[in-house]
Amino acid sequence: MRIDVENLAEAGRAFEHAYEPGALELDSESASLSREARVAGRASRRGEEIRVKGKIEAGIEVACDRCLAPIAVPLEVEFETAFIPQERAAAAEENVELHAEDMGLAAFEGDAIDLDELVREQILLALPNRHLCREECRGLCPTCGADLNAGGCGCEHKETDPRWAALADLKKEKE
Ligand SMILES: [Zn+2]
Ligand SMILES: [Zn+2]
């Protein structure tokens, strides 16, 4: 969905939209919508700047970092983003060596703001970096891939201590 800003007044206009799962790609290998995502808010203008303020409610499905089991993450994100026209952002960068992004400003092209992009970004920002189905998740057998939470798999391997698994996760994050 796009928010038309051409005739947007200072008082602003309310918007509301619901994304069915599948209607909004998160562009992430590990996360997807598990239920409808709703966004509601208000867009208003101050000079050339457009402020978009609102709230997203969504259910996201991510995979456990260790055993890949699906985990449901309910999200509630409040956001407030200021947009300036693309050409103004480009001019600002050339003249004052100030990047629009550094000022906490986003840019929009034409006369509409891409709400899908905004919602996607806000959801990805709000997701935790680590997802574990539970702290003591034993993960998958490195040899046969069996889920070690479900019991032994018969492979020769030392018992995996969950604390070592946690260290391995940390190492993975640093790489
Ligand atoms: Zn797990
Ligand atoms: Zn095994």
Side-chain angles (χ1 to χ4, degrees), residues 1-3 14-43 51-83 99-108 112-175:
M1 194 193 126
R2 296 169 75 77
I3 302 174
F15 62 86
E16 194 172 354
H17 191 69
Y19 295 92
E20 293 296 325
L24 184 74
E25 289 297 329
L26 291 182
D27 290 337
S28 160
E29 279 173 23
S30 54
S32 59
L33 289 188
S34 63
R35 59 174 163 86
E36 192 182 68
R38 304 189 140 271
V39 56
R42 192 163 192 87
R51 286 199 167 265
V52 183
K53 193 178 169 179
K55 189 172 166 184
I56 302 163
E57 282 179 61
I60 309 298
E61 187 177 291
V62 295
C64 172
D65 289 340
R66 292 186 199 148
C67 74
L68 306 179
I71 311 166
V73 182
L75 275 190
E76 240 187 66
V77 191
E78 291 195 25
F79 63 89
E80 183 168 3
T81 309
F83 289 84
H99 290 264
E101 261 176 60
D102 298 338
M103 297 185 282
L105 292 169
F108 69 95
I113 286 171
D114 187 349
L115 186 66
D116 303 359
E117 186 60 40
L118 177 64
V119 170
R120 178 185 300 123
E121 265 177 28
Q122 292 294 330
I123 287 178
L124 291 177
L125 277 174
L127 278 176
N129 289 326
R130 288 175 76 228
H131 323 288
L132 292 180
C133 59
R134 50 184 192 264
E135 268 310 313
E136 67 278 16
C137 172
R138 305 178 78 88
L140 303 177
C141 166
T143 311
C144 74
D147 186 351
L148 298 176
N149 297 307
C153 55
C155 292
E156 283 275 340
H157 51 72
K158 290 175 198 146
E159 275 293 294
T160 323
D161 186 320
R163 282 169 298 179
W164 289 115
L167 270 180
D169 288 344
L170 272 179
K171 208 170 154 243
K172 229 190 286 170
E173 267 172 39
K174 282 191 187 147
E175 277 169 9

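Start at 1 and go down the list; that is how both ligands and their atoms are numbered. What's counted below: heavy atoms across the whole structure, side chains too, no hydrogens, waters or symmetry copies.
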Check: What's the shortest heavy-atom distance between Leu140 and Cys67, and which atoms?
Finding: CD2-O, 3.6 Å

Checklist line | Trace of the side-chain contact (heavy atoms from CB on, under 4.5 Å) decision for Tyr19 with Ile56 | finding: CA-CA 11 Å; Tyr19 295 92; Ile56 302 163; over 6 Å; no

Checklist line | Sub-4.5 Å side-chain heavy-atom contact between Met1 and Phe15 | finding: yes

Checklist line | Neighbour count >12 (heavy atoms, 6.0 Å) for atom CD, Glu117 | finding: yes

Item checked: Under-2.8 Å protein N/O/S neighbours of the Zn ion (ligand 1), ordered by chain then residue number -> Cys64 SG, Cys67 SG, Cys133 SG, Cys137 SG

Note to self: How wide is the angle at the Zn ion (ligand 2) spanned by Cys144 SG and Cys153 SG, rounded to 10 degrees?
What the structure shows: 110°

Margin query: Contact between Cys64 and Ile71 at the side-chain level, heavy atoms closer than 4.5 Å - yes or no?
Written below: yes

Note to self: Can you confirm whether Ile113 sits close enough to Leu115 that some side-chain heavy atom of one is under 4.5 Å from a side-chain heavy atom of the other?
What the structure shows: no

Next item on the list: To the nearest 10 degrees, calculate the angle at the Zn ion (ligand 2) involving SG of Cys141 and SG of Cys155.
Entry: 110°

Margin query: Could you tell me if the side chain of Leu118 sits less than 4.5 Å from the side chain of Phe83, heavy atoms only?
Written below: yes

